[in-house]
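Heads up: the structure comes next, in structure tokens.
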2 protein chains.
Amino acid sequence: MTEIKQNTLFVSTLAKGLRILQAFDETHTSLSLTGLAQITGLDKSSVQRLANTLHLEGMLDKDPVTRRYRPSHAWLSLAYSYFWSDPLVARAMPKLIDLSQRLGETVNLAELSGDRIIYVTRLPCTRTVFAASVPGRTVPALPTSAGQVIIATFPPEERAAAIRDWHVKAHTRHTTIDRKTLAKQIEEAAKTGHAITTDQMILGEIGIACAICTPDGQSRAAIQCSVSSHHWDKARIRSEILPWLMDAANTL
Amino acid sequence: MTEIKQNTLFVSTLAKGLRILQAFDETHTSLSLTGLAQITGLDKSSVQRLANTLHLEGMLDKDPVTRRYRPSHAWLSLAYSYFWSDPLVARAMPKLIDLSQRLGETVNLAELSGDRIIYVTRLPCTRTVFAASVPGRTVPALPTSAGQVIIATFPPEERAAAIRDWHVKAHTRHTTIDRKTLAKQIEEAAKTGHAITTDQMILGEIGIACAICTPDGQSRAAIQCSVSSHHWDKARIRSEILPWLMDAANTL
DNA sequence: ATGCGCTGTATTATTATATGATACCTGCGT
DNA sequence: ACGCAGGTATCATATAATAATACAGCGCAT
């Protein structure tokens with residue numbers, strides 16, 4: 001079928017099984033056999049066998065009456081294993097907790113994943129949209145505070161390449177998609193050591209981020225704080241939030 | 001190899017791939033090829049092909065120098081999909097946030113998963129051990145506050161079966177493993193509508209839980225709060241924490 | 001330096017095993 | 001009562017996973 005990857009070290013059956021798992025997302029919270037077949041593009045019979053296997057192995061729950069499949073608790077167990085495998089999580093967690101208590105605002109550990117930012121751990125302190133309160137969400141890196149502050153640590157060519165090539169997508173009507181503007185913002189982040197963005201992914205949300213650097217000065221992660229623009233302005237953010245964020249990021 | 005499950009609807013290759021993923025846990029945060037082979041019991045060649053496939057599909061990161069495999073960010077994306085698929089998470093999140101702010105203590109959404117409790121979302125408010133601060137952790141249901149309060153909602157026979165059959169394992173030297181005692185505690189939970197346990201999974205930790213019931217009175221989930229026994233005693237917990245927990249659980 | 005052992009990589013013949021077409025069953029709506 | 005959609009079960013076929021084997025790289029000890 002898929003003609004590429006005719007490598008003998010590539011197990012296409014397993015790859016197909018993974019496509020079943022990845023068919024579930026924000027909009028597809030439960031899927032029928034035929035739904036899975038449509039999304040994955042796999043044969044109905046294949047989906048039947050693969051989904052059945054995933055079910056027997058505890059990776060998919062199956063509603064006995066609707067026969068629809070759903071992600072199982074095992075998906076959370078995998079995340080749990082991830083948290084242990086990422087050394088930054090254990091190091092950052094106590095500082096994140098302190099920060100969230102001190103600021104009374106949502107703080108996140110964000111990491112670079114390809115050209116996107118993934119929120120690895122989130123400590124929501126105020127009611128917000130659901131997507132912003134659970135870990136694992138990914139968003140384009142370029143227009144977000146965490147992304148900008150990470151890119152700002154890159155050597156010049158890599159930084160330019162990111163600004164030129166990385167994908168952006170408007171999530172709100174105010175998402176910055178102009179690459180000239182993004183370049184300026186990233187340059188600013190390089191100078192000041194932080195980035196503040198507004199209305200990028202969610203309207204009314206301000207993001208503040210500081211990079212977590214390795215000893216060589218490079219960065220793949222950031223500490224990020226999300227606040228409401230109804231309660232905060234940039235001046236107050238700079239005086240009341242930034243110093244704490246900076247300190248936490250620098251001691252990691 | 002595995003002689004059972006010779007069902008034509010069972011794709012053993014996929015099942016083997018899943019075993020690779022599940023080889024990672026608290027103690028195995030990164031694994032070499034041979035390490036994977038040992039843990040999974042699979043042939044070295046199979047592991048090579050399966051791990052390679054998982055790597056190419058973005059499910060495993062590979063350290064280019066040590067050649068060791070690690071969980072990838074994709075594992076968090078799966079958790080993200082889970083959060084959307086579980087309707088309880090979206091309903092509970094705002095209440096959990098309010099609770100954590102009001103109490104200033106760690107609150108969790110716990111669900112029953114077989115004979116174990118899985119912490120689905122966690123809002124840590126005080127520094128604690130790492131395992132207690134990230135979602136996805138599972139523990140035996142019987143001795144934990146959340147487990148007891150859930151089992152307490154079961155009809156008599158199911159409750160008895162759980163107390164008799166479900167697995168328990170001592171995590172601390174004070175973990176309750178005596179089933180008579182557990183039966184009493186669960187009966188107490190049925191009467192009072194809540195459960196309070198001490199030193200069950202972590203020394204110095206007190207757990208308080210209230211069940212989240214469906215209209216028919218059954219329960220598969222609980223709101224749980226963890227506090228330190230150095231700062232709290234049962235009387236103060238009952239007066240200052242319980243009413244809020246109860247309220248949150250009852251309105252879900 | 002030399003050789004050994006360990007771990008990861010690549011290749012191959014063999015056949016086990018995934019495939020997808022097909023037929024059957026069930027429940028729902030008309 | 002009927003047709004249809006979605007889920008389930010069966011089966012012949014050849015694709016694609018298997019595991020044995022050989023090769024390469026690295027560290028370690030002699």
Side-chain angles (χ1 to χ4, degrees), chain A residues 1-24 27-57 59-72 85, chain B residues 1-24 28-72 85:
Chain A
M1 292 292 96
T2 32
E3 314 76 7
I4 36 170
K5 300 223 181 105
Q6 290 302 9
N7 189 334
T8 59
L9 293 180
F10 188 79
V11 183
S12 55
T13 306
L14 175 54
K16 286 177 199 155
L18 297 177
R19 281 162 71 182
I20 302 273
L21 300 182
Q22 286 157 354
F24 296 87
T27 55
H28 303 95
T29 57
S30 83
L31 284 166
S32 64
L33 213 50
T34 44
L36 278 169
Q38 281 162 7
I39 291 178
T40 59
L42 296 171
D43 186 84
K44 183 182 158 190
S45 296
S46 294
V47 172
Q48 178 191 180
R49 270 174 282 120
L50 296 168
N52 178 246
T53 304
L54 291 167
H55 174 52
L56 291 175
E57 293 294 309
M59 286 299 293
L60 284 179
D61 286 347
K62 186 175 186 177
D63 187 311
V65 21
T66 68
R67 331 249 91 174
R68 293 172 74 87
Y69 293 97
R70 287 199 27 220
S72 79
S85 76
Chain B
M1 291 287 97
T2 32
E3 314 76 6
I4 36 171
K5 302 227 182 101
Q6 289 300 8
N7 189 335
T8 60
L9 293 180
F10 189 78
V11 183
S12 56
T13 307
L14 175 54
K16 286 176 199 156
L18 297 177
R19 282 164 68 182
I20 303 273
L21 299 182
Q22 287 159 352
F24 296 89
H28 303 95
T29 58
S30 83
L31 283 166
S32 64
L33 214 49
T34 43
L36 278 169
Q38 280 163 8
I39 292 178
T40 59
L42 296 172
D43 186 85
K44 181 183 158 190
S45 297
S46 295
V47 172
Q48 179 190 181
R49 271 174 284 116
L50 296 168
N52 178 248
T53 304
L54 290 167
H55 175 53
L56 291 175
E57 293 293 310
M59 287 299 294
L60 284 179
D61 287 346
K62 186 175 186 177
D63 187 311
V65 21
T66 68
R67 331 249 89 177
R68 292 173 75 87
Y69 292 98
R70 286 200 28 221
S72 79
S85 76

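Since this is a predicted model, take the numbers as computed values, not measurements. So you know, we letter chains A, B, ... as the sequences are listed, proteins then strands, and number each from 1.
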Contact string for nucleotides 25-30 of chain C, one letter per nucleotide 5' to 3', B = base within protein heavy-atom range under 4.0 Å, S = sugar-phosphate only, - = neither, reads ------

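Between B:Phe24 and B:Tyr69, the shortest heavy-atom contact is CE2-O, 3.4 Å. Considering all non-hydrogen atoms of both residues, B:Gln22 and A:Glu57 come closest at NE2-O, 4.5 Å. Nearest heavy atom pair, residue B:Leu14 against residue A:Leu14, reads CD1-CD1, 3.8 Å. Of all the heavy atoms in A:Leu60 and A:His55, the pair that sits closest is O-ND1, 2.9 Å. Counting all heavy atoms, side chain and backbone alike, B:Lys62 lies closest to B:Arg67 at CE-O, 4.1 Å.
With no hydrogens or angles considered, no side-chain donor-acceptor pair links A:Arg70 and A:Ser30 at under 3.5 Å.
Using a 4.5 Å heavy-atom cutoff, the side chains of B:Leu50 and B:Thr13 are in contact. The closest side-chain heavy-atom distance from A:Leu21 to A:Leu18 is below 4.5 Å. A 4.5 Å side-chain heavy-atom check between A:Lys16 and A:Arg49 finds every atom pair outside the cut-off.
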Between the protein and nucleotides 24-28 of chain D, list the N/O to N/O atom pairs that are separated by less than 3.5 angstrom.
none

Produce the list of close N/O pairs, under 3.5 Å, pairing protein atoms with atoms of nucleotides 9-14 of chain C; give distances to one decimal.
residue : atom : partner : partner atom : Å
C:dT9   : OP1  : B:Lys62 : NZ           : 3.1
C:dT9   : OP1  : B:Arg67 : NH1          : 3.1
C:dT9   : OP2  : B:Lys62 : NZ           : 3.4
C:dA10  : N7   : B:Gln48 : OE1          : 3.0

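In this structure, the nucleotide among D:dA17, C:dT19, C:dG8 sitting nearest to the side chain of B:Thr34 is C:dG8.
Comparing the start and finish of the helix from C:dA1-D:dT30 to C:dT30-D:dA1, five pairs each, the helix axis swings through 30°, to the nearest 10 degrees.
Not counting sequence neighbours, the partners of A:Ala23 by the side chain to side chain contact (heavy atoms under 4.5 Å, CB included) test are A:Leu31, A:Leu36, A:Ile39, A:Thr40. Taking the side chain to side chain contact (heavy atoms under 4.5 Å, CB included) definition, one finds that B:Gln48 meets it with A:Leu9, B:Leu33, sequence neighbours left out.
If A:Val11 and A:Ser32 are placed on DNA chain D by their nearest nucleotide, the residue sitting closer to the 5' end is A:Ser32. Both A:Arg49 and A:Thr13 lie near DNA chain D, and the one whose nearest nucleotide falls closer to the 5' end is A:Arg49.
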